[in-house]
Amino acid sequence: MITITAFERSPDGGKGLARDMRVRWALEEVGQPYEVRLLSFKAMKEPAHLALNPFGQIPTYQEGDLTLFESGAIVLHIAERHAGLLPTDANARARAISWMFAALTTMEEPIVEREAARYLEGDKPWFTQRLLVVEERIRKRLRELSNRLGDADWLDGAFSAGDLEMVSVLLRLKGSGLLDGYPNLSAYVACGEARPAYKRAFDAQLAVFKAASAG
Ligand SMILES: N[C@@H](CCC(=O)N[C@@H](CSCc1ccc([N+](=O)[O-])cc1)C(=O)NCC(=O)O)C(=O)O
């Protein structure tokens with residue numbers, strides 16, 4: 001049985017922004033059942049979890065004698081072991097993996113930087129100017145991605161783990177207004193959210209938050 005770890009009570013209020021969501025989505029896309037071990041912030045820093053993830057974070061993935069951390073690596077592992085997230089053609093498969101890396105580095109870096117600035121530097125005198133600079137970096141990447149995607153449904157033919165990661169990264173911009181200038185990217189994200197596997201994953205993580213909030 002596959003077991004992943006997730007927040008006992010996600011600070012995002014069940015919005016599906018924590019990275020267990022990406023692993024849940026991947027497992028749902030390939031039809032693999034999984035169990036979830038919920039962790040408090042305290043438990044994440046204790047030896048038992050540090051043995052699974054040296055950085056004391058979620059998600060982790062355990063199956064038999066395999067333990068993984070890093071959500072991107074976990075999604076890649078799932079995609080390599082089960083059909084449905086990577087093409088069988090070798091070149092198309094390699095391109096899909098490139099898009100995974102593009103999502104997690106080139107696209108996500110400025111988005112994480114914007115979030116860090118907003119949460120940690122909002123009281124600094126230079127915050128407004130810094131936010132403009134960081135948001136322009138995001139807009140540059142959005143423009144480049146929008147130009148490449150055009151009116152296609154997915155980044156490179158059929159839906160892949162590259163799209164799963166890219167949609168997950170772009171969802172971090174929901175509510176920021178930054179996607180408004182790129183209608184094809186907004187439609188792309190909406191297509192990801194409309195996938196039955198996404199909806200099952202999202203509902204599962206929301207149920208955890210609601211249960212924790214009720215308790
Ligand atoms: N690179 C690693 C990063 C994992 C990571 O950032 N984990 C976060 C949760 S997902 C990132 C996240 C956190 C919170 C929100 N939120 O909206 O509240 C969104 C996403 C974590 O465990 N944080 C606790 C800690 O570091 O002590 C991966 O992709 O697995």
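Atoms within each ligand, like the ligands themselves, are counted from 1 in listed order.
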Could you find the nearest protein heavy atom to [atom] and give me its residue, atom name and distance?
atom                    : result
atom 25 (C) of ligand 1 : Lys45 NZ, 3.5 Å
atom 16 (N) of ligand 1 : Asp12 CB, 3.4 Å
atom 26 (O) of ligand 1 : Gln57 NE2, 2.8 Å
atom 7 (N) of ligand 1  : Ile58 O, 2.8 Å
atom 29 (O) of ligand 1 : Ser71 OG, 2.6 Å
atom 1 (N) of ligand 1  : Glu70 OE1, 2.8 Å

- prompt: Does a side-chain N-to-carboxylate-O contact under 4.0 Å join Arg19 and Glu108?
  reply: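 Salt bridge present between Arg19 and Glu108.
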Distance (rounded to the nearest 0.5 Å) between Arg139 CZ and Leu179 CG: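 Here the rounded value is 10.5 Å.
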message: Within this structure, what is the CG-CG distance for the pair Leu171 and Leu17, rounded to the nearest 0.5 Å?
response: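 With rounding to 0.5 Å, CG (Leu171) is 7.5 Å from CG (Leu17).
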task: For a side-chain hydrogen bond (donor to acceptor under 3.5 Å, both in side chains) with Asp163, tell me which candidate from Trp154, Trp99, Tyr188 qualifies.
output: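 That would be Tyr188; it is the only one of Trp154, Trp99, Tyr188 passing the side-chain hydrogen bond (donor to acceptor under 3.5 Å, both in side chains) with Asp163.
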Ligand 1 to [X] polar contact by distance, N or O atoms, under 3.5 Å:
X      : answer
Phe7   : no
Arg172 : no
Arg19  : yes

message: Out of all atoms in ligand 1, which are within 4.0 Å of some heavy atom of Met44? Include the element for each.
response: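 Answer for ligand 1: 22 (O), 24 (C).
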Identified side chain to side chain contact (heavy atoms under 4.5 Å, CB included) counterpart of Leu145 within the set Asn184, Leu155, Thr106, Val169: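 Testing each of Asn184, Leu155, Thr106, Val169 against Leu145, the sole residue satisfying side chain to side chain contact (heavy atoms under 4.5 Å, CB included) is Leu155.
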query: Does one side chain, of Tyr61 or Glu63, offer a donor that lies under 3.5 Å from an acceptor on the other?
result: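 On atom types as modelled, these side chains qualify, holding a pair under 3.5 Å.
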